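Just so it is clear: chains get the letters A, B, ... in the order the sequence lines come, proteins before strands, and each one is counted from 1. Excluded from the calculations below are hydrogen atoms, water molecules and symmetry mates; all remaining heavy atoms, backbone and side chain alike, are included. Please read all numbers here as calculations on a predicted model, not as lab measurements.
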Number of protein chains: 2
Amino acid sequence: MKHKGNTNPPGRQKIIEALTRLMWTKEFHAVTTAEIAELAGVTEGLIYKYFKSKKELLHQVLNELFTRFNQTVFERVAHKASAIEKLEIVIHSSLEYYAANRVFARILLLEVRNSPDYFSSEAYTRVRAYAAKILEIIQNGIHKGELRPDIDPLIFRKIILGTMEHACLGEIIFTRELDALAVTRHISTILFNGAKA
Amino acid sequence: MKHKGNTNPPGRQKIIEALTRLMWTKEFHAVTTAEIAELAGVTEGLIYKYFKSKKELLHQVLNELFTRFNQTVFERVAHKASAIEKLEIVIHSSLEYYAANRVFARILLLEVRNSPDYFSSEAYTRVRAYAAKILEIIQNGIHKGELRPDIDPLIFRKIILGTMEHACLGEIIFTRELDALAVTRHISTILFNGAKA
DNA sequence: TGTGTGAGTAAGTATTACTCACCAAAACTT
DNA sequence: AAGTTTTGGTGAGTAATACTTACTCACACA
């Protein structure tokens with residue numbers, strides 16, 4: 001029997017939820033398929049009906065979480081007018097979402113990027129949509145004269161993405177509190193005004 | 001028999017070199033202990049004489065690579081006078097080293113951070129020494145009036161670290177060329193002068 | 001009534017990280 | 001020099017675990 005992938009049966013969703021819950025306390029590799037199946041209340045075999053590997057399951061979990069993440073961010077960005085405000089909102093929303101959804105952050109920042117097949121997953125297309133939105137804001141900001149014309153938009157995007165990630169990495173790894181707003185303000189000051197005295 | 005760890009027998013070094021070589025083409029998880037042993041010309045059992053797990057072996061590989069990395073960076077930084085120049089040298093050296101040593105970069109950025117025991121490894125103390133040096137430069141720069149007094153040194157460090165990492169991440173993952181100097185210049189412009197027009 | 005299909009099960013198998021008992025020889029002790 | 005300990009290394013296991021395969025049941029619907 002072949003699964004066509006256009007339905008979402010209860011078993012499938014239970015499996016996704018089970019892995020998500022287990023990753024609250026354990027890293028991905030430390031979670032076994034047996035555990036996932038047990039918590040989901042299904043058999044191990046069913047996992048491989050819906051997902052072709054344990055890793056693909058992880059990617060699908062990320063895909064679901066990232067879909068919601070993108071909705072949040074895109075919707076919030078639309079309310080702001082200036083490029084700088086938009087970027088500040090992106091940073092703030094992202095940090096807030098990371099802080100509130102640790103499993104999401106851990107999967108995205110720590111678990112998936114080492115495997116090549118992630119980059120052909122659906123989850124990664126979500127990431128690219130997110131990144132594309134940031135690039136669009138930057139390019140628009142340059143065009144409108146809000147941002148310096150001599151900055152490379154692609155590199156500025158990398159700076160923003162890297163900054164966001166690293167700004168919460170320690171907090172994510174060691175499960176510490178994160179003051180998203182305060183950190184956003186500091187980042188914003190440096191990135192837009194520069195660190196030079 | 002107990003291994004005291006203060007010697008460095010040929011077998012141990014061969015194992016480290018074998019994993020390093022294998023990771024040129026494969027991600028860590030795709031490398032098997034059998035492969036490592038075969039390439040090193042030793043038996044699988046010997047791996048577990050010197051390393052208490054496959055992961056600890058990875059941490060030791062990183063430790064060796066990071067030790068050399070730190071030597072390079074520290075030595076170069078010492079030659080510069082101003083804080084900004086020092087930071088530029090840190091960024092440039094790091095990017096250059098990442099570009100030249102892809103396995104090192106992949107291990108550091110993609111492979112180790114998901115496991116808790118990494119953070120009590122010797123390799124991580126090397127990372128902390130590197131990070132401490134950056135913090136010291138920033139604090140000194142603020143003290144001397146080169147950098148703005150209102151920036152948070154810890155957050156500025158995160159920005160620098162995150163920026164560096166993300167600036168080469170795509171190139172590392174997809175093994176593309178990286179123009180370390182050009183990227184460093186762009187980063188430097190934005191971080192020190194700001195992106196605002 | 002019969003057939004095809006989606007959802008799920010149960011019992012495997014194969015891989016692979018890791019262990020354990022043992023060995024040979026170098027390096028201390030006395 | 002004899003005895004003892006330590007070091008570097010082997011090789012045959014074992015346990016765990018990701019994944020497979022053959023099967024069943026319910027039910028839509030023609």
For this session: Examine C:dA17: is either OP1 or OP2 under 4.0 Å from a nitrogen or oxygen in the side chain of B:T33? Give yes or no.
Result: yes
Tightest non-hydrogen contact, residues B:A129 and B:N70, listed as CB-ND2, 4.2 Å
To the nearest angstrom, the CG-C1' distance between A:L46 and C:dG6 comes to 11 Å
Would you indicate what B:G45 reaches in the nucleic acid, counting non-hydrogen atoms under 4.0 angstrom: base, sugar-phosphate, or nothing? base
Of the listed C:dC18, C:dG8, D:dG8, the closest approach to the B:Y48 side chain comes from C:dC18
Closest to the side chain of A:T32, out of D:dT20, D:dT17, C:dT16, is D:dT17
Rounded to whole Å, the OH-P distance (A:Y50 to C:dG6) equals 10 Å
Query - Lys/Arg-Asp/Glu bridge criterion (N-O < 4.0 Å) met for B:R68, B:E64 - result: yes
Handout entry: A:Q13, CD: over 12 other non-hydrogen atoms inside 6.0 angstrom
Key = yes
A:K14 atom NZ is separated from C:dA7 atom C1', nearest whole Å, by 14 Å
To the nearest angstrom, the CG-P distance between B:N8 and D:dT7 comes to 14 Å
From NZ of B:K52 across to P of C:dA17 the rounded distance in Å is 17 Å
Against the side chain of B:E44, the closest entry in C:dA17, C:dT9, D:dG8 is C:dA17
Rounded to whole Å, CZ of A:F51 lies from P of C:dA7 at a distance of 12 Å
With the side chain defined as heavy atoms from C-beta on, B:S53 is closest, among C:dC18, D:dT10, D:dG9, to C:dC18
| field | Check: A:E88/A:H92 side-chain N/O donor and acceptor closer than 3.5 Å | value | no
Whole-Å distance, B:L19 CG to C:dA17 P, equals 11 Å
Problem - A:I151 vs B:H186 side-chain heavy atoms within contact, under 4.5 Å - result: no
Worksheet item: Taking only N and O in the side chain of A:T43, is any of them less than 4.0 Å away from OP1 or OP2 of C:dG8?
Response: no
B:I47 CD1 to D:dG8 P, in whole Å, measures 16 Å
Testing D:dC19, C:dC18, D:dT10 for proximity to the side chain of A:K54, the answer is D:dC19
Closest to the side chain of A:K49, out of C:dG8, C:dA17, C:dA21, is C:dG8
